[in-house]
> 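If you scroll down you'll find the structure; I have some questions about it.
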Amino acid sequence: MKDKWFIFYENDWLYFHRFWTGRGVFKAQLIKRPDDYSMDEFWAERNYEKYENSDDDQDRETFCFLIANELLKIDVKEMDSNNNNIKSETDVMKGWSNVRSTLFYPPSDDEIQARINFTLRIKSVLFGLAVGDALGVPAEFISRDYFHENPVTDMIGYGTHALPAGTFSDDSSLSFCLAEALTQEFDLNRIAQNFVKWRTENYWTARGTLFDIGNATRLAIDRLVNKAQPELAGGTENNSNGNGSLMRILPLLFHLVDKNRDVRFELTKQVSSITHRHIRSVIACHYYLEFAIQIMSGSDKFEIYKNLQKEISEDIINYTDKQSEIVHFDRLLNENIYELAEEKIKSSGYVIHTLEASIWCLMTSDNYKDAVLKAVNLGDDTDTTAAVTGGLAGLLYGLDEIPPHWIEQLARRSDIDELAERMAGNYWIY
């Protein structure tokens with residue numbers, strides 16, 4: 001993964017934070033004298049959950065490189081941890097001039113926040129999945145053969161559910177319920193009660209009426225109404241492995257991005273289990289979120305796919321007592337699913353089919369529009385396949401790559417925009 005850094009100065013200390021997690025890794029006390037500067041103390045994080053390296057020499061070299069390359073703006077090819085191989089006193093003087101303007105005339109708070117908050121990424125996820133969902137709603141349950149002759153090419157209305165263009169379904173509604181809960185401190189019960197409000201009060205529905213709900217989700221919410229604990233509400237039977245937790249899990253990404261892998265898996269399990277507690281559904285959500293986390297780090301999608309083949313296989317061994325479940329993920333973990341022909345990809349409501357189809361659509365396209373239209377034209381569970389695809393594609397390609405006229409047609413677009421702003425206020429790197 002690419003490693004990017006956010007460097008700032010406060011109360012005589014230089015701080016070096018990893019940009020995409022916000023974790024502080026290094027800090028150094030900067031002493032300013034009349035004619036020069038010196039580093040009086042250097043500190044490196046040694047909490048393994050925050051920073052895995054423990055090699056002091058390697059950290060010294062990394063720190064020297066960051067000082068020279070990022071602050072002094074010196075072209076550094078090789079660094080020696082003792083003398084830094086800085087080419088001349090002229091380079092040093094020019095470099096410290098750059099540092100002076102950076103440290104003692106810092107950007108405003110607004111400028112800093114604009115650089116490091118998650119607002120655009122949260123919007124790309126929420127609009128990405130909702131637009132995909134809305135594209136698929138009119139086409140739901142229609143066969144793939146029909147779309148071979150009559151492909152969906154734009155946002156349309158009516159069709160299967162006889163609803164206006166831009167209407168999103170339970171996929172987006174439940175995602176927004178999760179995002180709404182994440183505008184505050186993480187609370188599993190709050191997430192669960194938002195799902196209950198959606199079912200009983202039409203909370204976060206597109207047009208004030210709930211028109212679609214999966215059986216496993218309906219049964220789980222009934223259990224919540226009857227005071228079941230949220231982490232125990234979801235079904236555990238094999239036939240409870242619909243795509244109902246996968247379709248609404250993506251906003252959890254922003255709560256997970258600075259956590260270690262153990263915590264990420266456990267939190268994903270908890271949030272999936274509100275409606276889908278079977279380990280297969282949990283693993284599917286974990287795979288999906290890990291793909292998204294690596295998109296956040298700037299990795300190429302094919303690199304991510306290869307990374308996850310090893311990592312998710314290890315996670316199934318380390319975090320579950322159902323290692324036989326790995327066979328259900330065989331095409332993702334042991335094959336190149338993007339090399340398969342369309343007829344080999346299924347698009348039913350089964351969680352494995354939805355996960356495979358969404359990754360296939362993402363991997364066999366190179367822009368948001370083509371990815372989600374490909375998902376819709378697979379037929380069957382079109383809204384969910386396109387929502388799951390659209391969330392990742394929005395994150396990968398960015399908000400600006402979602403066709404504006406699709407966003408303009410989307411129900412409650414201003415509410416979604418405002419939700420993203422509120423959620424970003426709770427999740428930004430500092």
Side-chain angles (χ1 to χ4, degrees), residues 123-172 175 206 212 243 246-248 250 288 291-292 295 301-302 305 337-350 353-411 413 416:
K123 288 182 180 181
S124 73
V125 163
L126 298 188
F127 281 108
L129 71 89
V131 166
D133 184 7
L135 284 166
V137 164
E140 191 176 19
F141 308 131
I142 299 174
S143 73
R144 189 178 304 182
D145 288 342
Y146 175 84
F147 292 124
H148 284 163
E149 299 296 326
N150 306 277
V152 174
T153 60
D154 208 346
M155 184 84 74
I156 60 172
Y158 301 95
T160 300
H161 296 284
L163 292 164
T167 302
F168 54 78
S169 73
D170 53 338
D171 305 65
S172 298
S175 296
D212 195 12
N243 53 25
L246 178 66
M247 71 187 191
R248 47 84 175 166
L250 192 54
Y288 184 62
F291 205 114
I295 289 175
K301 63 184 178 182
F302 291 98
Y305 187 87
I337 201 166
Y338 48 85
E339 294 177 351
L340 298 180
E342 181 189 277
E343 57 265 25
K344 299 292 186 180
I345 301 298
K346 298 180 180 180
S347 51
S348 76
Y350 175 41
H353 291 170
T354 303
L355 180 62
E356 288 184 344
S358 64
I359 297 300
W360 182 83
C361 291
L362 189 76
M363 303 294 285
T364 57
S365 57
D366 59 9
N367 60 79
Y368 176 88
K369 180 179 179 180
D370 288 348
V372 292
L373 288 176
K374 182 171 282 195
V376 173
N377 287 307
L378 289 176
D380 297 325
D381 198 2
T382 52
D383 57 336
T384 302
T385 306
V388 174
T389 302
L392 283 188
L395 186 64
L396 180 62
Y397 298 113
L399 183 66
D400 290 345
E401 293 302 311
I402 303 173
H405 69 285
W406 287 355
I407 293 178
E408 289 168 6
Q409 293 178 81
L410 194 62
R413 65 184 180 278
I416 299 167

> Spell out, as yes or no, whether a donor-acceptor pair under 3.5 Å connects the side chain of Tyr368 to the backbone of Leu395.
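A pair under 3.5 Å: no.
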> Closest approach of Asn367 and Lys369, non-hydrogen atoms and distance?
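Closest heavy-atom pair between Asn367 and Lys369: OD1-N, 3.2 Å.
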> How about NZ on Lys301, more than 12 heavy atoms from neighbouring residues, nucleotides or ligands closer than 6.0 Å, or not?
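It does: Lys301 NZ has more than 12 such atoms within range.
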> Sequence neighbours left out, cut at 3.5 Å: what donor-acceptor pairs do the side chains of residues 371-380 make with other protein atoms?
| from | atom 1 | to | atom 2 | distance (Å) |
| --- | --- | --- | --- | --- |
| Lys374 | NZ | Thr364 | O | 3.0 |
| Lys374 | NZ | Thr364 | OG1 | 3.1 |
| Asn377 | OD1 | Val152 | N | 2.8 |
| Asn377 | ND2 | Val152 | O | 3.1 |
| Asn377 | ND2 | Leu373 | O | 2.9 |

> Is it true that atom OH of Tyr146 has more than 12 heavy atoms of other residues, nucleotides or ligands lying nearer than 6.0 Å?
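Open: at most 12 neighbouring heavy atoms sit under 6.0 Å from OH of Tyr146.
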> Within the 4.5 Å heavy-atom criterion, are Ser169 and Asp383 side-chain neighbours or not?
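They are in side-chain contact.
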> Heavy-atom distance under 4.5 Å between the side chains of Tyr338 and Phe302, does that happen here?
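Yes - at least one pair of side-chain heavy atoms lies under 4.5 Å apart.
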> So, does Thr384 use its side chain to make a donor-acceptor pair with the main chain of Met247 at under 3.5 Å?
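Between the backbone of Met247 and the side chain of Thr384 there is no qualifying donor-acceptor contact (under 3.5 Å).
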> Between atom CG of Leu396 and atom CG of Leu362, what is the distance when rounded to the nearest 0.5 Å?
5.5 Å
> Will you find, in the side chains of Thr354 and Asn243, an N or O donor that is under 3.5 Å from an N or O acceptor?
yes
> Give the minimum heavy-atom separation between Ala206 and Ala411, together with the two atoms involved.
O-CB, 3.9 Å
> Which heavy atom of Thr389 sits nearest to which heavy atom of Cys361, and what is that distance?
CG2-CB, 3.8 Å
> With a 6.0 Å cut-off on ring centres, are Phe291 and Tyr305 close enough?
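Not close enough - the centres of the two rings lie 6.0 Å or further apart.
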> Which of these passes side chain to side chain contact (heavy atoms under 4.5 Å, CB included) with Asp133: Leu135, Val137, Val131?
Val137
> Could you check if a side-chain atom of Tyr288 sits within less than 4.5 angstrom of a side-chain atom of Leu250, using non-hydrogen atoms only?
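A side-chain contact exists here, since the closest heavy-atom pair is under 4.5 Å.
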> Please tell me if the side chains of Tyr158 and Pro138 come closer than 4.5 Å, counting only heavy atoms from C-beta onward.
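The answer is no; the side chains never approach within 4.5 Å.
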> With a 4.5 Å heavy-atom cut-off, do Leu355 and Leu246 have their side chains touching?
yes
> Please round to the nearest 0.5 Å and tell me the distance separating atom CG of Leu410 and atom CZ of Phe168.
6.5 Å
> Does the side chain of Leu129 come within less than 4.5 Å of Arg248's, by heavy atoms?
no
> Once rounded to the nearest 0.5 Å, what's the spacing between atom CG of Leu399 and atom NZ of Lys123?
7.5 Å
> In Å and rounded to the nearest 0.5 Å, what is the CD to OG1 distance from Glu356 to Thr385?
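The distance works out to 11.5 Å.
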> Taking the side chain as every heavy atom from C-beta outward, state whether Ser347 and Arg144 have any atom pair closer than 4.5 Å.
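Counting from C-beta outward, Ser347 and Arg144 do come under 4.5 Å.
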> So how far is it from Met363 CE to Ser358 OG, rounded to the nearest 0.5 Å?
11.0 Å
> If we only count heavy atoms from C-beta on, is the Glu342 to Trp360 side-chain gap below 4.5 Å?
yes
> Using atom types as modelled and distance alone, determine if a side-chain donor or acceptor of Gln409 lies under 3.5 Å from a backbone N or O of His405.
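Checking the backbone N and O of His405 against the side chain of Gln409, a donor-acceptor pair under 3.5 Å is found.
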> Checking Ser124 side chain against Gly398 main chain: does a donor-acceptor pair fall under 3.5 Å?
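Pair absent, no side-chain N/O of Ser124 close to backbone of Gly398.
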> Might you work through the side chain to side chain contact (heavy atoms under 4.5 Å, CB included) test for Glu140 and Asp381, ending with a clear yes or no?
CA-CA 6 Å; Glu140 191 176 19; Asp381 198 2; 3.5 Å; yes
